[in-house]
Amino acid sequence: MSFETISVIGLGYIGLPTAAMFAAYGKNVIGVDVNQHAVNTINRGEIHIVEPDLDAIVHKAVTDGKLKAVLTPEPADAFLIAVPTPFLPIEKKSDIPQPDLKYIQAAAKAIAVVLKKGDLVILESTSPVGATEKMAEWLSEYRTDLTFPKTHNEESDIRIAHCPERVLPGHVVRELVENDRVIGGLTTKCSEQAVELYKTFVQGDCVVTNARTAEMAKLTENSCRDVQIAFANELSIICDKLDIDVWELISLANRHPRINILQPGPGVGGHCIAVDPWFIVSKTPEQARLIHTARKVNDSKPEWVVEKVKLAIAEHLIENPNKTAKEISIACLGLAFKADIDDLRESPALNITEAVGAMHTGLLMAVEPNIEQLPSSLHSFAALQQLEPALIKADIVVVLVEHKEFKGISIAKNVKLIDMKGIV
Ligand code: SAJ
């Protein structure tokens, strides 16, 4: 089977780079997205997301006529689904968030209309175990005239696999090509076809397993990182109590040949590591005790940072009895969910800045070199400020993200420093 036309459903942080890569390697690619703005932007040869080097690849693919974006699916030989897998709204704080597969279901419904015998459907979205089988079930309900692996095994009309994306935001273009891929087909032939498809541009190994193991592999990778970051975050809280510099401690411990502790911070952000472990916990709440605890440790870190800021305000007032809280200026350095990106979604740094803004009556300066405008949630609390003037004005400096611009800054002696990334 050779795949000439490939359709990618969902043109976000994963779907668009994947679509562009197939197009760059000579395939005809139809990108599908429900967002008219995204579709228009891509068809102009531009991109609506921030990812280094992607703009040039998309521009060339569109100019060469290899990539186009549309609102509704058209026939293709292979369909890759890269839509979000969020949570259902949680009712109580103690509840375990449950995955919401509505976008996968909507994508399945949309492509079902144009599916034909011999097509391959790949789920790329990070998903709870069983989601690929569920997607196959939906497709079989929408297209009762076609056969699927569950009932027809290797003889099915439609092949289905799960191939989770594993690329690091900011390095997507390189990692898409170089990373190994886990390929979990519903049957052996499904896997073989998916390997053939990805080998279009993947230089890493394409390792074959079943769909459930592929789903769990992706969740395991991000949960492993979450647990390790929770360990570092817990250490930082312990060290704070014991008056030990956690950064020095970790660098000493990491000199042991078999120890590699990650870095503590203000919490875990982004749409992957703070989300994916819940897919395991919600499926197996009794068994996933460590993974659940790690989530809670990382999720509670922002509150701990806000408490530190409250304490710093109280100390500053004791040291400066003529001052009122209203006269204290605070600078929060960094709003993004990690270093050197502009992505503020699910960012603990942003949450902390919002919480400080809500409780502090004096000046709050947000320093974020990667954005030009503050998010609306901060409009009434904070001013976007350049680094230098913020450092001159601030009585309290809170370092939340290790952006390159912040490394090596010096803080005046009388200024209170809360350095969550150990860079000052
Ligand atoms: N963080 C720490 N300490 C560390 C490392 C990270 O606090 O030592 C924090 C970051 O500041 C950030 C969060 O964790 O808030 C996540 O950042 P990250 O760089 O570790 O990961 P993501 O979310 O950008 O991308 C992850 C990657 N997964 C792994 O490294 C196992 C990526 O390969 C996945 O493709 C991506 O999730 C995804 O899409 O699932």
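Note that the structure is predicted; figures quoted are calculated from it, not measured. Counting starts at 1 for both ligands and their atoms, in listed order.
More than 12 heavy-atom neighbours from other residues, nucleotides or ligands sit within 6.0 angstrom of NZ on Lys199. Summarising the local packing, CZ of Arg289 is surrounded by 12 or fewer heavy atoms from other residues, nucleotides or ligands at distances under 6.0 Å. At most 12 non-hydrogen atoms from other residues, nucleotides or ligands lie less than 6.0 angstrom from CD of Gln386. Counting heavy atoms of neighbouring residues, nucleotides and ligands inside a 6.0 Å radius, atom OH of Tyr103 does not exceed 12 of them.
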Does ligand 1 have any N/O atom under 3.5 Å from a protein N/O, and what are those pairs and their distances?
| unit_1 | atom_1 | unit_2 | atom_2 | d |
| --- | --- | --- | --- | --- |
| ligand 1 | 3 (N) | Gln263 | O | 2.7 |
| ligand 1 | 8 (O) | Gln263 | N | 2.9 |
| ligand 1 | 8 (O) | Gln263 | O | 3.4 |
| ligand 1 | 11 (O) | Phe337 | O | 3.4 |
| ligand 1 | 15 (O) | Gly269 | N | 2.9 |
| ligand 1 | 15 (O) | Phe337 | O | 2.7 |
| ligand 1 | 19 (O) | Lys338 | NZ | 2.9 |
| ligand 1 | 20 (O) | Arg225 | NE | 2.7 |
| ligand 1 | 20 (O) | Arg225 | NH2 | 3.2 |
| ligand 1 | 24 (O) | Lys338 | NZ | 2.7 |
| ligand 1 | 28 (N) | Asn222 | OD1 | 2.9 |
| ligand 1 | 33 (O) | Arg166 | O | 2.8 |
| ligand 1 | 35 (O) | Glu165 | OE1 | 3.4 |
| ligand 1 | 35 (O) | Arg166 | O | 3.1 |
| ligand 1 | 35 (O) | Val167 | N | 3.0 |
| ligand 1 | 35 (O) | Val167 | O | 2.7 |
| ligand 1 | 39 (O) | Glu165 | OE1 | 3.4 |
| ligand 1 | 39 (O) | Glu165 | OE2 | 2.6 |
| ligand 1 | 40 (O) | Lys218 | NZ | 2.7 |
| ligand 1 | 40 (O) | Asn222 | ND2 | 2.7 |

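Counted by atom type alone, Ser377 and Glu354 present one or more donor-acceptor pairs between their side chains at under 3.5 Å.
For Phe337, the ring-ring contact (aromatic ring centres under 6.0 Å, His included) test picks out His271, with sequence neighbours left out.
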